[in-house]
Each structure stands twice: as structure tokens, then as C-alpha cells.
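Please read the structure below before turning to the comments.
Read the numbers this way: they start at 1 and go in the same order the structure lists the ligands and their atoms. Excluded from the calculations below are hydrogen atoms, water molecules and symmetry mates; all remaining heavy atoms, backbone and side chain alike, are included. This chain uses plain numbering: 1 for the first residue, then up along the sequence.
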Amino acid sequence: MVNTTIKTTKSQEIFTAAQNLMPGGVSSPVRAFKSVGGQPIVFDRVNGAYIWDVDGNKYIDYVGTWGPAICGHAHPEVISALHAALEKGTSFGAPSVLENVLAEMVIDAVPSIEMVRFVNSGTEACMAVLRLMRAFTNREKIIKFEGCYHGHADMFLVKAGSGVATLGLPDSPGVPKSATSSTLTAPYNDLEAVKALFEENRDQIAGVILEPVVGNAGFIPPDAGFLEGLRELTHEHGALLVFDEVMTGFRIAYGGAQEKFGITPDLTTMGKVIGGGLPVGAYGGRRDIMSMIAPAGPVYQAGTLSGNPLAMTAGIKTLKLLQKPGTYEQLERITKKLADGLLKVAQETGHAACGSHISAMFGLFFTSGPVHNYEDAKKSDTTKFGRFHRGMLERGIYLAPSQFEAGFTSLAHTDEDIEQTLAAAKDVLSSL
Ligand code: KE4
């Protein structure tokens with residue numbers, strides 16, 4: 001039994017049954033609450049900044065379905081646009097003007113993107129971009145960073161973050177050595193390590209892929225000069241620089257982390273926000289590179305539901321809402337209030353803690369820090385994080401169920417929501 005003060009009878013019934021039907025009872029590992037303990041709550045509906053579970057409990061949501069709900073869940077304008085689109089069918093498997101519209105919006109927004117291809121998930125986008133990097137440079141090796149997560153494709157499951165970090169699966173069973181033998185890793189924020197890899201693997205590295213702001217090892221921003229250094233190193237060695245902006249895209253800024261930090265990668269992957277809650281991933285970049293993708297070029301990549309009209313509609317409407325003046329100032333203000341407040345409460349209640357935020361993404365570690373990379377993050381007190389998570393859940397606050405995830409705010413979060421959250425945090429942390 002889960003010892004919570006909130007009534008979770010129906011959640012427990014449904015989740016117990018789910019465990020007989022689906023591995024771990026979930027469709028994605030992090031949802032099982034393995035690293036924070038206790039059973040997950042089963043959602044009934046979401047709206048704005050809020051969740052209601054099947055027992056009728058209401059929560060303020062700081063996961064936002066892992067990023068897509070940046071305008072708030074079930075935004076009325078997105079819902080009504082979807083209703084209209086539904087009348088015309090759910091999938092075409094053929095060109096539609098909606099793909100042109102969203103493609104143009106992404107190209108106009110993201111500095112590195114001259115052409116874009118839509119897929120159905122961030123994983124697909126990262127898989128495709130890896131194949132493209134290798135084809136364009138005619139080199140095989142790639143560099144990724146410990147704790148960064150680029151989806152669950154074999155070649156990325158090397159010291160990955162997110163659910164892999166949470167479940168301590170640095171190299172998942174079933175991944176053949178051949179799939180990862182060309183994947184080199186370095187600590188995040190460590191330019192010297194990257195330089196050494198380039199020296200040791202001269203003319204063999206197709207490119208470097210990273211989360212420009214890490215969200216899958218907990219929240220870890222780039223140190224000053226790190227992104228610039230990678231841009232210089234990749235140029236120097238004839239390798240490509242790829243920003244995985246599946247999480248940071250349209251969240252760190254309208255043009256993503258690359259706009260915020262003024263660094264232009266050669267290729268970018270996206271997802272989450274650009275689907276407005278429906279399955280969309282995308283990759284894009286320089287025209288000379290993207291033109292290699294079939295059928296324009298020889299690099300094969302395909303997908304039955306890619307660019308489907310419902311997902312395009314939700315993405316178009318979401319980006320339109322984000323274009324409104326003042327959007328990112330509001331996201332920065334509300335998230336700063338939350339992140340600074342959480343840190344203050346943790347320190348006032350005598351807990352070693354560090355954390356930060358950039359725009360609508362934030363994180364908190366129970367360690368005095370600083371946290372510059374995954375090794376630092378792993379030194380944090382994950383047991384305390386689990387107890388904090390459960391305590392907040394019992395007080396109606398839904399945080400990401402793992403220390404190795406980031407937190408997400410939205411345009412729907414109000415000052416009152418933040419104040420309620422900080423009061424709950426004070427209550428929980430005083431009792432830990
Ligand atoms: P998906 O295949 O889950 O759409 O995207 C994979 C991916 C790629 N790149 C980055 C930077 C990502 O954050 C993700 C997915 N993020 C996780 C949250 N840490 C999705 C949540 C989950 O796995 O259930």
C-alpha cells in the first residue's frame with residue numbers, strides 16, 4: 001500500500017491492473033515512479049496548469065507531459081483547431097498544406113534550420129540526424145555527453161540520461177556492441193575531453209550531438225564558453241554540430257537555445273512543443289545537408305504518420321500562441337519566482353541544495369553543488385528527492401518523478417500557483 005494522505009484508491013486499482021498488461025504498467029519507464037517510490041497517480045484529465053487524477057485529486061503540474069504543454073494543457077484554441085481538423089480526417093499519408101505551414105514557422109523561428117523533415121518522435125528525429133551526419137561527412141564516430149538523452153535508439157544508449165539514468169541502465173541489454181562502438185562520450189561542459197577525443201579520432205568523427213541545456217540529467221545549463229568551444233572544435237575538425245532541442249526548442253526561447261546563446265549548429269532536432277501535445281518530432285538544418293534526405297537525396301528515412309494533419313494543426317496553433325508578445329518574459333518571470341523560491345526554501349529549512357532555471361525549464365538538486373555534469377548530479381541525494389517528490393504530491397504538486405529530469409512551467413501557471421507550490425515545499429522540507 002502507498003502511505004499517502006490523499007485518496008488514491010482508483011489510481012492503485014488501475015495501475016495494479018496495468019502492470020499485468022504492460023511492462024511496468026506504463027508506456028514509458030519514467031512514468032512508473034521507480035526512482036521516487038510509491039505508485040504513480042493515474043490521470044483522468046488535464047487543463048491549463050492542472051491535473052485531475054482518477055480519484056478526483058487536483059495537482060499543479062510541473063511536468064506538462066514532458067514539455068509539450070508550454071501554453072497550458074488543452075488550450076481552448078488548440079482544442080478547437082483540432083476539432084475543425086478532425087472533420088477533414090485524421091491522417092492522409094500524402095502531402096498537405098499544413099506541413100508547409102508548420103515547416104515555414106519552424107524555418108522562420110530556428111536560426112540553423114533552412115529545411116526541415118517531420119517525424120513522429122524525438123527519438124526518430126535523433127536517429128535520422130545521426131544517419132544524416134554520417135552520410136554527409138562520410139565518417140562514422142559521434143560524440144555525445146554523459147547524462148544527455150537523445151531517445152532510445154541503440155547508438156545513443158551509452159551513458160544516457162532521463163529514464164536510462166533513472167533506471168541505472170548506462171548500456172541497456174539488447175544493444176549490440178556494434179551499435180555503440182562508434183559512440184564516444186565525454187562529460188558535459190568538458191571541452192578538454194572533447195578536444196582529446198578529436199585528437200584521438202582524427203578525421204573519424206562525424207559530429208557532436210548534445211542537449212544545449214541539459215534536461216535529462218536533471219537541469220544542467222552550459223558553462224560560459226562551452227557551446228562556443230564546441231562550435232569552434234567541430235569547425236576545426238570538419239565535423240558537424242547538432243543541437244538536440246527536442247526539450248529546449250521553443251521553450252528556452254522562441255528560436256530555442258541556439259537563439260538564446262547565439263550559437264548556430266549545423267543540424268537541430270526538435271519535438272514536444274512543435275506537436276502541441278500530439279506526436280511530432282522534426283530534424284532540420286543547412287539546406288546542403290538536408291538535401292541528402294530521401295527522396296531528394298540518398299539518405300533514407302520515412303514514416304507512415306509523419307506530418308499528419310492533426311499533429312500539424314496542434315503544432316501550428318501552439319507556435320502561434322507562443323508568438324504573442326510578452327510570452328517569454330512571462331515564462332522567465334514565473335519560472336524565476338518558482339526556481340529561486342524553491343532554492344530559498346530548501347536553504348532556509350537546512351537542506352544542501354542547488355538549482356537554476358532558464359526561461360520555462362528549471363531544476364533542483366539536493367547537493368551543495370555546483371552541478372556541471374552528470375557525475376556531479378549523481379552525487380545529489382536522490383533518496384531525499386524521492387521523499388520530497390512524494391511529500392509534494394500529497395500536497396497537490398506534481399513534479400517530475402526523477403532527480404534526473406527537468407521541471408517545466410507554462411503560460412498557464414499563475415503567481416498563486418507558484419506561491420502555493422512554495423508553501424507546500426516549505427511544509428515538506430521542514431519535515432524531511
Ligand atoms: P521522444 O522519443 O521521447 O519523443 O524524444 C526523445 C528525446 C530526445 N531528446 C531529448 C533532449 C529528450 O528530452 C527526449 C525525450 N525526453 C524525455 C523526458 N526526459 C521524454 C519522457 C519519457 O521518456 O517518457
Side-chain angles (χ1 to χ4, degrees), residues 22-36 40 43 61-70 118-130 142 144-167 169 172 188 208-222 242-252 256-258 265 267-284 303 305-306 311 314-315 358 360-363 374 377 398-408:
M22 298 164 279
V26 290
S27 297
S28 195
V30 70
R31 304 177 191 177
F33 278 30
K34 281 260 185 275
S35 79
V36 291
F43 286 23
D61 180 17
Y62 290 105
V63 178
T65 177
W66 301 100
I70 192 166
F118 294 116
V119 292
N120 300 285
S121 68
T123 292
E124 274 186 79
C126 292
M127 285 170 71
V129 97
L130 195 55
I142 61 152
K144 75 173 286 288
F145 293 90
E146 293 158 21
C148 282
Y149 177 70
H150 305 292
H152 64 82
D154 282 353
M155 49 283 189
F156 291 116
L157 290 184
V158 179
K159 299 178 187 170
S162 183
V164 179
T166 304
L167 297 177
L169 296 177
S172 166
Y188 195 74
V208 176
I209 183 167
L210 73 152
E211 296 179 54
V213 175
V214 177
N216 288 294
F219 179 84
I220 305 176
V242 182
F243 277 9
D244 177 353
E245 297 227 40
V246 167
M247 191 182 273
T248 55
F250 294 96
R251 177 168 287 277
I252 294 291
Q258 57 195 270
L267 293 166
T268 300
T269 55
M270 309 193 91
K272 297 179 191 277
V273 169
I274 63 168
L278 270 71
V280 177
Y283 61 101
L305 295 168
S306 297
I358 300 181
M361 225 169 126
F362 69 95
Y374 182 37
Y398 191 84
L399 299 174
S402 162
Q403 175 63 81
F404 302 112
E405 297 290 355
F408 304 100

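By the criterion of a heavy-atom distance under 4.0 Å, the side chain of Glu405, and not its backbone, is placed next to ligand 1. Both the backbone and the side chain of Thr123 come within contact range of ligand 1, each with a heavy atom under 4.0 Å.
Here the CZ atom belonging to Phe219 is positioned 4.0 Å from the CD1 atom belonging to Ile358, to the nearest 0.5 angstrom. How far CE of Met247 is from OG of Ser162: 6.5 Å, rounded to the nearest 0.5 Å.
Between Tyr398 and Phe43, the ring planes are perpendicular. Angles over 60° get that label, and only those under 30° would be called parallel.
Every atom of ligand 1 with a heavy atom of Ser28 under 4.0 Å away is listed here by number and element: 22 (C), 23 (O), 24 (O). Counting the atoms of ligand 1 from 1 in the order shown, those under 4.0 Å from a heavy atom of His150 are 8 (C), 9 (N). Close approach to Gly151 involves these atoms of ligand 1, each under 4.0 Å from a residue heavy atom: 6 (C), 7 (C), 8 (C).
Ranking the protein heavy atoms by distance from atom 10 (C) of ligand 1 puts Tyr149 O, 3.3 Å first. For atom 21 (C) of ligand 1, the closest non-hydrogen atom on the protein side is Trp66 CG, 3.7 Å. Remark: minimum distance from atom 4 (O) of ligand 1 to any protein heavy atom is reached at Gly122 N, 3.0 Å. Scanning the protein heavy atoms around atom 19 (N) of ligand 1, the nearest turns out to be Asn216 OD1, 2.4 Å.
Contact record, Ala125 with Val119: N-CG2, 3.6 Å, taken as the closest heavy-atom pair.
Proximity annotation for atom 8 (C) of ligand 1: of Asp244, Val280, Thr248, Asp244 comes nearest, heavy atoms only. Checking Arg31, Lys272, Glu211 against atom 16 (N) of ligand 1, the nearest heavy atom belongs to Lys272.
Within the 4.5 Å cutoff, no side-chain heavy atoms of Pro265 are placed close to those of Val242.
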